[in-house]
Asks: 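This is the structure I want to talk about, given as structure tokens.
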Amino acid sequence: MSVISVQSVKMVTAIVLLSVFLVSGALADCPEESALFINTPKQMEALSGSCLQIPCNFSFNINAQETFDGTRTTFGVWIKSSTRVAKNQNNVIFNSSRMNNIYPMSLTGDLSQKNCNTLFSSVNTSYTDWYYFRIENRPFLAIASCDPLQITVKDSPPRPSIEISGDLKENQSVTITCSAFTPCPHFPPELTWTLQQNPHNKIEENTDRTFTTKIQTTFTLSDEHDGFIITCSARYPVNEGKDVKTAEERTTLSVSYSPRDTSVVISPTDPVSVGSVVNLTCSCRGNPVVNFVWFMTSDGRLEIIKVDAQVYGFMVTSSDRGRLYYCGCRNDLDIQLSTGRQLVFEGDQQSGLIGVQVIVKILGIILLVSTLVIFEWWFRSRCCNKPVKDAVEADYVNRVIEIQAS
């Protein structure tokens, strides 16, 4: 085993042991029968310079339930690091019975209703530690020794997360959500992204009663979205809104779409001669990676001449004159054929010119016929829209002629 491998094993072992010691140390004060229990997240993260809202409810074991009296004055206490208050009074960082406390905290919950929600007004990295909650309902006193709360305070905000629900295929509707952890709902982060301007920020309460800020949009995918980079930024207000800290997350869309823009390129360029070698190259775009198939017309039939090759090379023979070559571009979604390409042989340029002249003549005939049709329509509309007087006189003349003839 190499020296690097040995050091890596030692490092992992040290991390595991440290984690075990921290957890066991936090629970070392847990008695076999604790009188008080709190319902709160086991771990919470906070941003330095911001606040932290701690959702909290408490309950008692069967014996202590009868001892607690909600009609009496009740105080809540938060203790840092250890439950051994007698040995270190500085561990009591907050007591709702006091006006001045070591840490800027306030109880926002109603203790008579067993609600111990707490707001950390401003935190810094030195506040990272284990915390215990205590109830003072004299003569009843109890510490939730078995339910420590681990708070971690970081200088940098966590990056937001981007989630995409739906099938990433063209013509499919997807919903894209950017979410940001919101430890301080009083000063939530402001989310922006590259999908739309001024998105609506929405704060949602999670199942553990923490909060998340989200922005969301739904749209239909096209091939133009393939490779599109979505960037979501979260701006966290700190120091009571005087400053901000920013975190960013990005992801790239990979949208599946059928082949398109399929075409054939001839190399070397026309004209060609019998005995020369030409290469036909197929180009297209599609996602996922495409396969190619080559066709040609022979005696009025379409034949497959090569598969799984982007380039088809061959020596020109006289029988290639007049043939049309096609390439097909295919993937799991569909296949698209190019327009037919025909080789132009040396000496055929004049024929090409004659072809152009024929086309010009045909266009002239079409223009003449169109003019005649328009004139006939105009003539018919004019004769059919005679004044009523002229029409009556014409009918009268016709009758006179018919009478005379009889």
Asks: Do R72 and N137 have side-chain atoms, one donor and one acceptor, less than 3.5 Å apart?
Replies: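 Per modelled atom types, R72 and N137 side chains form a pair under 3.5 Å.
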Asks: Hey, can you pull the donor-acceptor pairs under 3.5 Å for the side chains in residues 293-310, sequence neighbours left out?
Replies:
residue : atom : partner : partner atom : Å
W294    : NE1  : A309    : O            : 2.9
T297    : OG1  : L324    : N            : 3.1
Q310    : NE2  : C282    : O            : 2.8

Asks: For a quick test of reading the model, state the closest non-hydrogen atom pair linking A180 to A234 and the distance between them.
Replies: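 That would be CB-CB, 4.2 Å.
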Asks: Hey, does N57 have a side-chain heavy atom less than 4.5 Å from the side chain of K114?
Replies: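 No, too far: nothing below the 4.5 Å cut-off.
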Asks: With a 4.5 Å limit on heavy-atom distance, are the side chains of V277 and V316 in contact?
Replies: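 Side chain of V277 against side chain of V316, heavy atoms only: no contact under 4.5 Å found.
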Asks: Run the numbers on T177 and I162 for side-chain contact (heavy atoms from CB on, under 4.5 Å), then give the verdict.
Replies: CA-CA 6 Å; T177 305; I162 299 176; over 6 Å; no
Asks: Assess the side chains of S283 and S263: does a donor N or O sit below 3.5 Å from an acceptor N or O?
Replies: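 Yes, side-chain donor-acceptor contact under 3.5 Å.
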Asks: What is the minimum heavy-atom distance between V92 and I102, and which atoms define it?
Replies: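 What the structure gives for the nearest pair is O-CD1, 3.5 Å.
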Asks: Supply the atom-to-atom distance N115 CG to T108 OG1, rounded to the nearest 0.5 angstrom.
Replies: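 If we round to the nearest 0.5 Å, N115:CG and T108:OG1 are 7.0 Å apart.
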Asks: Is there side-chain contact between C329 and F292, with at least one heavy-atom pair below 4.5 Å?
Replies: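 Answer yes - side chains close enough.
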Asks: Can F314 and N279 be said to form a side-chain contact (heavy atoms from CB on, under 4.5 Å), step by step?
Replies: CA-CA 7 Å; F314 60 97; N279 289 318; over 6 Å; no
Asks: Any donor and acceptor pair, going by atom type alone, linking the side chain of K42 with main-chain N or O of D147 inside 3.5 Å?
Replies: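 No, the answer is negative, given that no donor and acceptor are paired below the 3.5 Å cut-off.
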Asks: Can you tell me how far apart CD1 (I266) and OH (Y325) are? Round to the nearest 0.5 Å.
Replies: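 It is 9.0 Å, given to the nearest 0.5 Å.
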Asks: Between F181 and F211, is any pair of side-chain heavy atoms under 4.5 Å apart?
Replies: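 No, their side chains stay 4.5 Å or more apart.
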Asks: Can T118 and W78 be counted as having a side-chain donor-acceptor contact under 3.5 angstrom?
Replies: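 There is such a pair (donor and acceptor under 3.5 Å, judged by atom type) between the side chains of T118 and W78.
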Asks: Could you report the tightest heavy-atom contact between G328 and L337, atom names first, then the distance?
Replies: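 For G328 versus L337, the nearest heavy atoms are CA-CD2, 3.7 Å.
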Asks: Between the side chains of E45 and T152, does any donor sit under 3.5 Å from an acceptor?
Replies: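 Distance-only check fails for E45 and T152.
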Asks: Between the main-chain N or O of V311 and the side-chain N or O of T281, is there a donor-acceptor pair closer than 3.5 Å?
Replies: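 Looks like no, no N/O pair under 3.5 Å.
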Asks: To the nearest 0.5 Å, how far apart are CG in L107 and CE in M105?
Replies: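 Going from CG on L107 over to CE on M105, the span is 7.5 Å.
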Asks: Of the non-hydrogen atoms in L119 and C51, which two are nearest, and what is the gap between them?
Replies: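 Nearest heavy atoms, L119 then C51: CD1-SG, 3.9 Å.
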Asks: In Å and rounded to the nearest 0.5 Å, what is the CG to SG distance from L195 to C178?
Replies: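 Interatomic distance, L195 CG to C178 SG, rounded to 0.5 Å: 9.5 Å.
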Asks: Just how far is it from atom CD1 of I54 to atom CG of L52, taken to the nearest 0.5 Å?
Replies: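 If I round to the nearest 0.5 Å, the distance is 5.0 Å.
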Asks: Once you measure the plane-to-plane angle for F140 and F60, does it fall in the parallel (<30°), tilted (30-60°) or perpendicular (>60°) bin?
Replies: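 Plane angle over 60°, so perpendicular.
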Asks: For a quick test of reading the model, state the closest non-hydrogen atom pair linking S173 to T218 and the distance between them.
Replies: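 Shortest heavy-atom contact: OG-CG2, 3.3 Å.
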Asks: Please determine which of C284, P288, S256 meets the side-chain contact (heavy atoms from CB on, under 4.5 Å) test together with N331.
Replies: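 Result for side-chain contact (heavy atoms from CB on, under 4.5 Å) with N331: P288.
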Asks: Can a salt bridge be assigned to the pair D223 and R285 using a cut-off of 4.0 Å between side-chain N and carboxylate O?
Replies: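 A salt bridge links D223 with R285.
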Asks: Will you find, in the side chains of S34 and S145, an N or O donor that is under 3.5 Å from an N or O acceptor?
Replies: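 Side-chain D/A pair, S34 to S145: absent.
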Asks: Decide yes or no on ring-ring contact (aromatic ring centres under 6.0 Å, His included) for Y127 and Y103, but give the supporting numbers first.
Replies: CA-CA 9 Å; Y127 292 174; Y103 283 3; 3.9 Å; yes
Asks: Mind listing the closest non-hydrogen atom pair of S338 and V264 along with its distance?
Replies: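 Taking every non-hydrogen atom into account, OG-CG2, 3.4 Å.
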Asks: Go through the side-chain N and O atoms of T262 and Q336 and say whether any donor and acceptor fall under 3.5 Å apart.
Replies: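 Indeed, the side chains of T262 and Q336 share at least one donor-acceptor pair under 3.5 Å.
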Asks: Does a donor on one side chain and an acceptor on the other come within less than 3.5 Å for T231 and E248?
Replies: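 Distance-only check fails for T231 and E248.
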Asks: So, S96 side chain and G76 main chain: donor-acceptor pair closer than 3.5 Å or not?
Replies: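 Side chain of S96 to backbone of G76: a pair is present.
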Asks: Mind checking whether F219 and H225 have ring centres under 6.0 Å apart?
Replies: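 Centroid distance F219-H225: below 6.0 Å, so yes.
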Asks: Are R134 and N95 close enough, and set up right, to give a side-chain contact (heavy atoms from CB on, under 4.5 Å), and what steps lead you there?
Replies: CA-CA 9 Å; R134 170 185 170 98; N95 190 323; over 6 Å; no
Asks: Is the closest side-chain heavy-atom distance between E346 and V272 below 4.5 Å?
Replies: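 A side-chain contact is absent here, since even the closest heavy-atom pair is not under 4.5 Å.
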Asks: Take atom CZ in R341; do more than 12 heavy atoms of anything else shown fall under 6.0 Å from it?
Replies: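 Yes.
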Asks: Apply side chain to side chain donor-acceptor pair (under 3.5 Å) to N287 and D226, showing your working.
Replies: CA-CA 8 Å; N287 189 20; D226 184 44; 3.2 Å; yes
Asks: What's the verdict on side-chain contact (heavy atoms from CB on, under 4.5 Å) for E163 and I176, showing C-alpha distance, side-chain angles and the deciding distance?
Replies: CA-CA 6 Å; E163 297 179 359; I176 302 181; over 6 Å; no
Asks: Got a donor-acceptor contact below 3.5 angstrom from the S50 side chain to the L47 backbone?
Replies: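 Not a single qualifying donor-acceptor pair exists.
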Asks: Between D334 and Y257, does a side chain to side chain donor-acceptor pair (under 3.5 Å) hold up when you go through it step by step?
Replies: CA-CA 9 Å; D334 204 354; Y257 62 94; over 6 Å; no
Asks: Under the criterion side chain to side chain donor-acceptor pair (under 3.5 Å), I'd like the reasoning laid out for S258 against R260: C-alpha separation, chi angles, the key distance, then a yes or no.
Replies: CA-CA 7 Å; S258 58; R260 58 205 57 195; 3.1 Å; yes
Asks: Checking the side chain of K169 only, and the main-chain atoms of V255 only, is there a donor and an acceptor separated by less than 3.5 Å?
Replies: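 Looks like no, no N/O pair under 3.5 Å.
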Asks: How long is the span from the CG atom in N117 to the SG atom in C56, to the nearest 0.5 Å?
Replies: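 Spacing of CG (N117) from SG (C56) equals 6.5 Å.
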Asks: Less than 3.5 Å apart, any donor N or O on the side chain of T217 or Q196 sitting next to an acceptor on the other?
Replies: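 A pair is found: one side chain offers a donor N or O, the other an acceptor, under 3.5 Å apart.
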Asks: I want to check something: taking the side chain as every heavy atom from C-beta on, are L221 and N171 in contact at a cut-off of under 4.5 Å?
Replies: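 Sidechains of N171 and L221: no contact.
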Asks: Is the shortest heavy-atom distance from the side chain of Y236 to the side chain of T182 under 4.5 Å?
Replies: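 When only atoms from C-beta onward are counted, T182 and Y236 do not touch, as no gap falls below 4.5 Å.
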Asks: Going by heavy atoms in the side chains, are Y132 and L149 under 4.5 Å from each other?
Replies: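 The answer is no; the side chains never approach within 4.5 Å.
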Asks: Show every salt bridge (Lys or Arg N to Asp or Glu O under 4.0 Å) that has at least one partner inside residues 196-209, sequence neighbours left out.
Replies: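 Residue pairs with at least one partner in residues 196-209: K202-E204, E204-K214.
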Asks: Could you go through Y131 and F133, starting from their C-alpha distance and side-chain angles, then the distance that decides it, and tell me whether this counts as ring-ring contact (aromatic ring centres under 6.0 Å, His included)?
Replies: CA-CA 7 Å; Y131 293 82; F133 186 70; over 10 Å; no
Asks: Can you see whether S81 engages N91 through a side-chain donor-acceptor pair at a distance of less than 3.5 angstrom?
Replies: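 No, N91 and S81 have no side-chain donor paired with an acceptor closer than 3.5 Å.
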